[in-house]
Each structure stands twice: as C-alpha cells, then as structure tokens.
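Working notes, structure below.
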There are 2 protein chains.
Amino acid sequence: MTNDNRTEQEFLSSYNVHDYDVPLTSVDLVIFTLREQALQVLLVRRSDHPCKGKWSLPGGFIDVHRDKTLDDAALRKLREKTGVQTPYLEQLQGFGSASRDPRGWSATFAYFALISSDDIQLQHGGTADAAQWFTVAENLCSADLAFDHGEILAAAITRLRDRTENSSMPVHLLPAEFTLTDLQRVYELVLGRPVDKSAFRKRIKEGDFLEEIPGKMRHASNRPAQLYRLRAGHPALTLMRRIGGDAKA
Amino acid sequence: MTNDNRTEQEFLSSYNVHDYDVPLTSVDLVIFTLREQALQVLLVRRSDHPCKGKWSLPGGFIDVHRDKTLDDAALRKLREKTGVQTPYLEQLQGFGSASRDPRGWSATFAYFALISSDDIQLQHGGTADAAQWFTVAENLCSADLAFDHGEILAAAITRLRDRTENSSMPVHLLPAEFTLTDLQRVYELVLGRPVDKSAFRKRIKEGDFLEEIPGKMRHASNRPAQLYRLRAGHPALTLMRRIGGDAKA
DNA sequence: CAAATAGTGTCTGTAAGACACTATCAG
DNA sequence: CTGATAGTGTCTTACAGACACTATTTG
C-alpha cells in the first residue's frame, strides 16, 4: 500500500519513525590542538556502559529537538566540551556497522576540529565526564579506545596530514596572531619532518591567506618577528601547490 | 540512574532504541558512468511520498537486519539498481538536518560510485522505480531533484573533478580494457578541458597502475593502439603528481 | 600513395628545495 | 662586540606543458 493516491499530508500523518528498526545515529569529534609543543587530541573517559571506563572521542547522539543540522550537532558537542565557539570544523567520514556498538546497529558522523589552545576552557563538573588531552602518537590509535574510535582517530590524523601537505589548514591550530616561524613549526610538527624556511615562506605568501599586522612585532633577544593573522573574510581553507595546467581554461 | 553499578549485560537488557527520538538514517548513491560520449548519473523517479514524482538519487534506509556495514548497505543498493557487483565505491559525505525530509530529522550517508557502462544491467519491473541516466551538466544540480539531492550531486561532481586532477580515479569509468587515448578522453570529459597527450601519457606511465595487455591491440583504419588494463592487485586509487619534498623522510 | 590516429622527443618556463647570505634585535 | 633568530637571494634541478615530429596501420 505504498503506491496509492494519498496526498503527502495523508502519508505523513500515518508515518511513524518508531514503527521501524533504525540505526542509532551519533556524532563524534576528533578535536586537535597544540599543547606542550605537541599535537594533542581530546579524549573523554566513559562514565557508563557501554565501554565504561574506556577513553573515547567526545560525541553523542543527535538531539533531534535541539540540533537543526549535523554541523549544529557537532558544534554543540564541541562547545559543551571545550567552550570554543568558532573552531575550524569539517566533516571527516561516516562509520557504521551492526557491531560497533553493543546496543545495536550504529552509525556515526565523525567530525574533525582544530582549535587554538588559547581558546580552550575545558568544562568540568556537572554531567561532564573526565576529559583529558593526549599527545598524538602512532600507538594512540591502537590503544584500547572505546568502540571503533581508534580507527576514527587514525582516519583523522591521516586527513590532517594530507591537508597539511597542500593547504592552509594548520593555521587553525594557532592563536589569532603568530609569526611565520610559529606556523612553520606547526607544519613540521604535523608532518613529522623538517621544512625548508625559504620555500615555506614563498608558498605561504603566495597562498595569500595571511596578512601582516601593521607594525606589530614579537620581540625577543634577537631580530623581532612580524606578526601575522588570517586575512579577514577569506575561506577557512586555502589550497596551495595548485595543480599544473590552467585549471580554469 | 546512568552512573550506577550495573554490569554491561544489565545495562543492555534495559536499553531500547525505540525509547528515544532518533533520526531517520539512509544511504544515497551517486552513480556515474560513461554513456553516449558523456558523463552520466543514474536517477530514480520516486513512486511515492515524500517528493512523489521527482527524480532522486537511488538509495534508501539502512536495513539493520541485512546490512552489516554502511558500505554493505551502499553496495546492496547499487546492485539492486544496476546489477554491478564490484564498482569503484567510496563514501562521499554525510548530509543531515531537521528539514531535509518531511518525515522528520533525517541523515544520509552519500556514496559515490563509478561503473563501466558495459557492466550495467538496469533492473526494471517489480518494485523497482523508473530509473534513467542523465547527462551531468551544471543545470542538473539545480534541477528540481528530491530532498537535497541536488546539493549531494553537486558535491559528488566536485569530488570527481578534484580526484581526476590528481589520481587514477577515472579509469573506473571505462571497461576492463582500453587504450591510453580512451583514458585521456575520459579525463578531458570530466575536467572539461583538453589535456596534453605527451604530458598525460608520461604521468599515467609514471603512476604505474596500468599494464599493457601483451600483444593485444585495437585496430582501426590507422595505426593500432595498445590496449591496457588495471594492474592486478593494485589499489583502486593511485595518486599522481606526488607532492614535492621527500614525503617519506 | 593519403588519411588518420598512435606514440615519442625536444625545448622551455616555472617553481621548489638547498643553502648561504644579510638584517636586526637583546644584552 | 656576540649570539640568536628573522627574513631574503641565488643556484640548481626536476618536471609539466607546448608542440612538432615519427610510426604504423587501412584503404
């Protein structure tokens, strides 16, 4: 009886989500920042079943009454955990299977956030679980994380490295004002290899997503360094190393 | 009462998905192929509400009893529509909001498939809705497709073009055996611009994902062309135009 | 032979990496 | 002055695009 002549109105009034077996649907976040001269990720200890006691990515079910969109749901979780209002946020990948959660068929939209450690105010107490920053290392993904969160974390690290090879992404790990040397250190940290200063600066300037802060320098016991900031109104991500040929022709 | 001392077993026995308001969760497919010298995409006319009568991407709800994983769900939909068993399939992006489906909060995992038109056997009759191939053009995304499928289609086209710039992806649009000129035509079609023959062939050979089929040529009223095929056991996607520097150091 | 497409060789500009050089501060 | 880091210039090499050239078939 699905192909009759009911109006859409009639159809909808007879439709009830609860009549069907549906997957659990959640949002999980991989939140990166720079702390203690290292790339770190935020994990939360689960205070309840399933996976009680294990470390997990922050996240949870979509609240169909409060969240208008998937991005809203991710932003809400991020703000609840870190207090950060306007992070760099992008969708990473979906993960779903019959077996990843013992409560039943489960699917999650994994997100990927970069924030400056200056902006963080970890939310403690109340219903918040214990949250802690972990330095990103190869063995962290194979640690005994909850659900398939090790796999999600590995995918996030891969994505961050890939984007670092050819985009401005890592700027979002820094505070609003920084020197080019600061930025170079971030690239080196994420890529795990040294980067040539001259070539790096050429590429960044060419990308044209930064601007000098007029007259503002950082002083130390050496030549002062020009401070830069993101050029206002520019996209959050600028691709560099444009591909050969004339991509517009 | 979430933080008590129940065992996981006790917890699960009291847990019921139907106690909560959950989003509808589905899988949608953007299936590309080459037909009539053009890049085409498969759309299905909806035979029922909502969006009755509109063209939509093939897809549907996850069947928590038949599908073990998200990828399984996508593969099942693809086989049901096209009969293709082993396509190139990758996850595209998740889309979800309170408003994209009038039945309620809805989220979808969009997938992205490339198939050779040689392999297609469109499934007609039975419960299958009318399916039809449409040539990909800019205006197709802004046509009046069901739900937010125009947006999903646009994202898929963007992804295909991006990958075509720097990977072997387009080979999956061709039959198992093809000439280098065939392949070049595909790249040109997807990118919408001419590609230099010499540079193209250098890059493809360097990518090392193809092999000559020994002694097998395609004959016409001109010099015969060597036929190639995917090198067995190689990954479905090979990146070309490797990034500068020494990415392994 | 001509026509047609397959396939290759050569030149050139551009840009990235390497690395040395200069600049400018504190103390 | 020295030490330290900021910032730039120069050289070399690799490679993609442009484009002309050769090769091999049918008819």
Side-chain angles (χ1 to χ4, degrees), chain A residues 37 164-168 174 177-189 191-208 210-229 238-249, chain B residues 37 164-168 174 177-189 191-208 210-229 238-249:
Chain A
Q37 321 254 51
T164 300
E165 294 281 5
N166 61 8
S167 87
S168 63
L174 288 171
E177 305 188 348
F178 51 87
T179 67
L180 290 185
T181 303
D182 291 340
L183 188 57
Q184 187 182 335
R185 295 273 169 279
V186 180
Y187 275 76
E188 291 175 333
L189 205 66
L191 295 177
R193 68 170 192 257
V195 165
D196 181 79
K197 183 167 53 161
S198 175
F200 179 77
R201 292 165 102 99
K202 263 186 273 183
R203 270 179 41 187
I204 295 295
K205 295 218 166 145
E206 206 173 62
D208 199 40
L210 297 184
E211 62 183 6
E212 299 184 4
I213 306 174
K216 202 153 177 195
M217 316 287 276
R218 175 184 298 163
H219 291 266
S221 65
N222 49 27
R223 175 168 170 178
Q226 176 67 51
L227 284 166
Y228 287 80
R229 66 184 167 215
T238 303
L239 294 180
M240 297 183 287
R241 261 218 221 311
R242 67 255 116 250
I243 110 141
D246 197 344
K248 57 186 173 301
Chain B
Q37 322 255 52
T164 299
E165 294 282 6
N166 62 9
S167 86
S168 63
L174 288 172
E177 305 187 349
F178 50 87
T179 67
L180 290 185
T181 302
D182 291 340
L183 188 57
Q184 187 181 336
R185 295 275 170 277
V186 180
Y187 275 77
E188 289 175 335
L189 205 67
L191 295 176
R193 68 168 192 259
V195 165
D196 181 80
K197 183 167 53 160
S198 173
F200 179 76
R201 292 165 101 99
K202 265 186 272 181
R203 269 178 43 187
I204 296 294
K205 295 220 165 142
E206 207 172 62
D208 199 40
L210 297 184
E211 61 183 7
E212 299 183 4
I213 307 174
K216 202 153 178 195
M217 317 287 276
R218 176 184 298 163
H219 292 266
S221 65
N222 50 27
R223 176 170 172 177
Q226 176 66 51
L227 283 165
Y228 287 79
R229 65 182 167 219
T238 303
L239 294 179
M240 297 181 289
R241 270 229 211 305
R242 68 251 124 253
I243 106 144
D246 197 347
K248 56 186 174 300

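Labels below follow one simple rule: chain letters A, B, ... track the order of the sequence lines, proteins then strands, and each chain is numbered from 1.
At whole-Å resolution of the value, CD1 in B:Ile204 and C1' in D:dA16 are 14 Å apart. In this entry the distance linking CZ of A:Arg218 with P of D:dG7 reads 10 Å, nearest Å. Regarding B:Glu206, its CD atom lies at a distance of 12 Å from the P atom of D:dG17, rounded to whole Å. The distance between atom CZ of B:Arg193 and atom P of D:dA16, rounded to the nearest whole Å, is 14 Å. Look at CD on A:Gln226: it is 13 Å from P on C:dT24, rounded to the nearest Å. A:Gln184 has its CD atom 12 Å from the P atom of C:dA18, to the nearest Å. Per the geometry, CZ belonging to B:Arg201 stands 16 Å off C1' belonging to D:dA16, to the nearest Å. At whole-Å resolution of the value, CZ in A:Arg185 and P in D:dG7 are 12 Å apart.
When each of B:Phe200 and A:Ala225 is assigned the nucleotide of DNA chain D with its nearest heavy atom, A:Ala225 is the one assigned upstream, toward the 5' end.
Close to D:dT8, at under 4.0 Å from its OP1 or OP2, lies a side-chain N or O of A:Lys205.
We find the OG-CG distance between B:Ser168 and B:Leu183 to be 9.0 Å, quoted to the nearest 0.5 Å. Note that the CG atom of A:Leu180 and the NZ atom of A:Lys197 stand 10.5 Å from one another [nearest 0.5 Å]. Residue B:Thr179 holds its OG1 atom at 10.5 Å from CD1 of B:Ile213, rounded to the nearest 0.5 Å. Once rounded to the nearest 0.5 Å, the distance linking CG of A:Asn166 with OG1 of A:Thr238 reads 11.5 Å. How far CD of A:Glu165 is from CG of A:Leu239: 13.0 Å, rounded to the nearest 0.5 Å.
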Contact list (N/O, under 3.5 angstrom) for nucleotides 22-25 of chain D vs protein:
{"from": "D:dA23", "atom 1": "O4'", "to": "B:Arg223", "atom 2": "NH1", "distance (Å)": "3.3"}
{"from": "D:dA23", "atom 1": "N3", "to": "B:Arg223", "atom 2": "NH1", "distance (Å)": "3.1"}
{"from": "D:dT24", "atom 1": "O2", "to": "B:Arg223", "atom 2": "N", "distance (Å)": "3.2"}

Produce the list of close N/O pairs, under 3.5 Å, pairing protein atoms with atoms of nucleotides 9-14 of chain D; give distances to one decimal.
{"from": "D:dG9", "atom 1": "O6", "to": "A:Ser198", "atom 2": "OG", "distance (Å)": "2.6"}

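Comparing C:dA6, D:dT8, D:dA6 by their closest approach to the side chain of A:Thr181 singles out D:dA6.
Of all heavy-atom pairs between B:Glu212 and B:Tyr228, the closest is CG-CE2, 3.5 Å. Of all the heavy atoms in B:Arg229 and B:Pro214, the pair that sits closest is NH2-CD, 4.1 Å.
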Give the table of side-chain donor-acceptor pairs shorter than 3.5 Å for residues 218-225 of chain B, with sequence neighbours excluded, one pair per line with atom names and distance.
{"from": "B:Arg218", "atom 1": "NH1", "to": "B:Asp182", "atom 2": "OD1", "distance (Å)": "3.2"}
{"from": "B:Arg218", "atom 1": "NH1", "to": "B:Asp182", "atom 2": "OD2", "distance (Å)": "3.0"}
{"from": "B:Arg218", "atom 1": "NH2", "to": "B:Asp182", "atom 2": "OD2", "distance (Å)": "2.9"}

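Using a 4.0 Å cut-off between charged side-chain N and carboxylate O, B:Glu206 and B:Arg203 make no salt bridge.
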